[in-house]
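Data first, discussion second: the structure below is written as structure tokens.
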Number of protein chains: 2
Amino acid sequence: MGEGSTAADGPRTASARLLAVLDAFDAEHRALTLSALARRARLPVSTTHRLVGDLLAWGGLERGDDGLLRVGLHLWEVAALAPRTIGLREAAAPSMGDLYEATHENVQLAVRDGLEVVFVERIAGRHAVPVLTRVGLRFPMSATGVGLVLLAFAPREVQEGALSAPLERFTERTVVDPRRLRSMLADVRRRGIAVSDRQVTMDALSVAAPVRGPDGDVVAALSVVVQADGAEPQALAPAVRTAAAAISRALAR
Amino acid sequence: MGEGSTAADGPRTASARLLAVLDAFDAEHRALTLSALARRARLPVSTTHRLVGDLLAWGGLERGDDGLLRVGLHLWEVAALAPRTIGLREAAAPSMGDLYEATHENVQLAVRDGLEVVFVERIAGRHAVPVLTRVGLRFPMSATGVGLVLLAFAPREVQEGALSAPLERFTERTVVDPRRLRSMLADVRRRGIAVSDRQVTMDALSVAAPVRGPDGDVVAALSVVVQADGAEPQALAPAVRTAAAAISRALAR
DNA sequence: ACCAGGGTTTCCGCCTGGCGGAAAAGTGAC
DNA sequence: GTCACTTTTCCGCCAGGCGGAAACCCTGGT
């Protein structure tokens, strides 16, 4: 799911209310007044005031000099203990740095969550093609390079779930035919590389490879994203594979 | 505070209980059984079971194939919205990369929280002196390079608070005399650089500079940490200042 | 100086749902 | 089969979470 389960309809538990306060924040709303937060969480102002007090006391939120509320440091400290985020980033950082040095293009690391990818790290090339992704962004799997990798190696029921849902189109080149996607996924499994050519934006092509955990499961995917014009995926593939393999080895330690 | 306010003594609110579940995790306990989590949170097992259910549903926790509970991806997604963490890291990443390329030593970025520093980013030099810090670690301010910077430029009452508390000794060279520390802080403010020489470990010296926000306040500190033997802080200072200034400029945009 | 329209904070009666002890069920090692 | 842990379920109790209302605050406009 994109957002934690804090649907406003029906009775909500105390926990759900507290977590709904946290879900009021997003990339477009990083700083909120108490009243705005209450509206976004669909809670009465006095309830929100009380819950915000609890979160402020714990460090889940901070109140700025401007009176606005923001996500706090302690929440991040706890979240940093998630193995699929900071731990993965730390294991990946040297190899991502190497891949960046080798290509000077955007380098991205993502994990799967349900039927979506979540980007956990990226190095943005200064002169590289602009990319939509930012750390913490969640995105459908079927169009991006990393998404294709993660879907290809996902459990069968996840693949069937993704293939039976309507596939979202982002450009005229986005693959939205399930049969074609199924075929692409088989190809990704065979070659150990995914190429997404102008499926997300019309100027970007990405090449992605799987990152495996200690027991061989695919736990993340690594990609470079380059200008589609003049791109040579076959030339990029070895470097991406090598970097992904290095991350896999780092995770095995 | 180091840990969110979830003291186990006395009556606890529903919010405090939920947050105590999250606080059960730390760097040494990233994966926990339900029973272990209940013990660490000082909650009855059935209460913990219910709260864990709420967090699993929201994405704050995940249950692995091994049955163990871990901090989940959605918590990190929310935490990634904290301006003092991912946002700061992203602004800092190019300059930290440059400083690393220039020195090939450990590069660290930290923010102040109360009377402690929290490390929000680091680049570990492959052949550099081992450092204690990891991302998400919190540490007293007075001994580290970044801590000296953050303390020097903190509001007066924060400085007085730090100076009136007993200063913790880590090595025989740790400054624990408040008068001497006060003098060092004045020096840091004057020179815009802090040097911590073997105050944390006996083999490391760090050089740190302030990172300023758009309104000129010191919002973070950047440092390199090198082998103390043969270290030339004066030679390192310009590069650290330059990188810190670049981050300050990035934050002003 | 006043007003309006937002905001935040406080109060407190209501009643629901959070709480946790007990028991049942599950798991793995021996 | 036993043991020691684990996880899950049940359900009676009552505490505290809830939120409407009101008070108070702040800022910008006139």
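Every chain is numbered from 1 and lettered A, B, ... according to where its sequence line falls, protein lines coming before strand lines.
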From the set D:dG19, C:dT8, D:dC18, return the single nucleotide nearest to any side-chain atom of A:V45.
C:dT8
Tested for side-chain contact (heavy atoms from CB on, under 4.5 Å) against A:L37, the lone hit among A:V45, A:L51, A:L22, A:T48 is A:T48
When rounded to whole Å, the CG to C1' distance for the pair B:D66 and D:dC5 reads 17 Å
Ignoring backbone atoms, establish whether A:R63 has a side-chain N or O less than 4.0 Å from OP1 or OP2 of C:dT9.
yes
Does A:R12 place a side-chain N or O at less than 4.0 Å from the phosphate oxygens OP1/OP2 of C:dT16?
no
Is A:D215 atom CG crowded by more than 12 heavy atoms from other residues, nucleotides or ligands, each under 6.0 Å away?
yes
Could you state the CG-C1' distance from A:L18 to C:dG17, rounded to the nearest angstrom?
16 Å
Tell me what A:T33 touches on the nucleic acid: a base, only sugar-phosphate, or nothing, going by heavy atoms under 4.0 Å.
sugar-phosphate
Can you tell me the distance, in whole Å, between the CG atom of A:D65 and the C1' atom of D:dC26?
16 Å
Measuring from the side chain of A:L34 (C-beta onward, heavy atoms only), which nucleotide among C:dT8, C:dG7, D:dC18 has the closest atom?
C:dT8
Rounded to whole Å, the CG-C1' distance (B:L51 to C:dG18) equals 9 Å
Under-4.0 Å side-chain N/O to phosphate OP1/OP2 contact, A:R17 with D:dC18:
yes
N/O (side chain, A:H49) to phosphate O (OP1/OP2, C:dT9) under 4.0 Å
yes
Taking the six-membered ring of A:F153 as reference, does the cationic atom of A:R212 (NZ for Lys, CZ for Arg) lie under 6.0 Å from its centre and within 45° of its axis?
yes
Quick check on DNA chain C: between A:L69 and A:A14, whose nearest nucleotide comes earlier from the 5' end?
A:L69
Quickly work out the B:R50 CZ to D:dT9 C1' distance and round it to whole Å.
13 Å
Check this one for me: any side-chain N or O of A:T47 less than 4.0 Å away from OP1 or OP2 of D:dG19?
yes
More than 12 heavy atoms of other residues, nucleotides or ligands under 6.0 Å from CZ of B:R189: is that the case?
yes
Using distance alone, with no hydrogens and no angle criterion, decide if B:D23 and A:H74 have a side-chain donor and acceptor under 3.5 Å apart.
yes
Using whole Å, report how far CZ of A:R42 lies from C1' of D:dG19.
18 Å
Does A:S35 put a side-chain nitrogen or oxygen below 4.0 Å from OP1 or OP2 of C:dT8?
yes
Would you kindly give the CG-to-C1' distance between A:L32 and C:dG6, to the nearest whole Å?
16 Å
How many whole angstroms separate atom CG of A:L37 from atom C1' of C:dT9?
16 Å
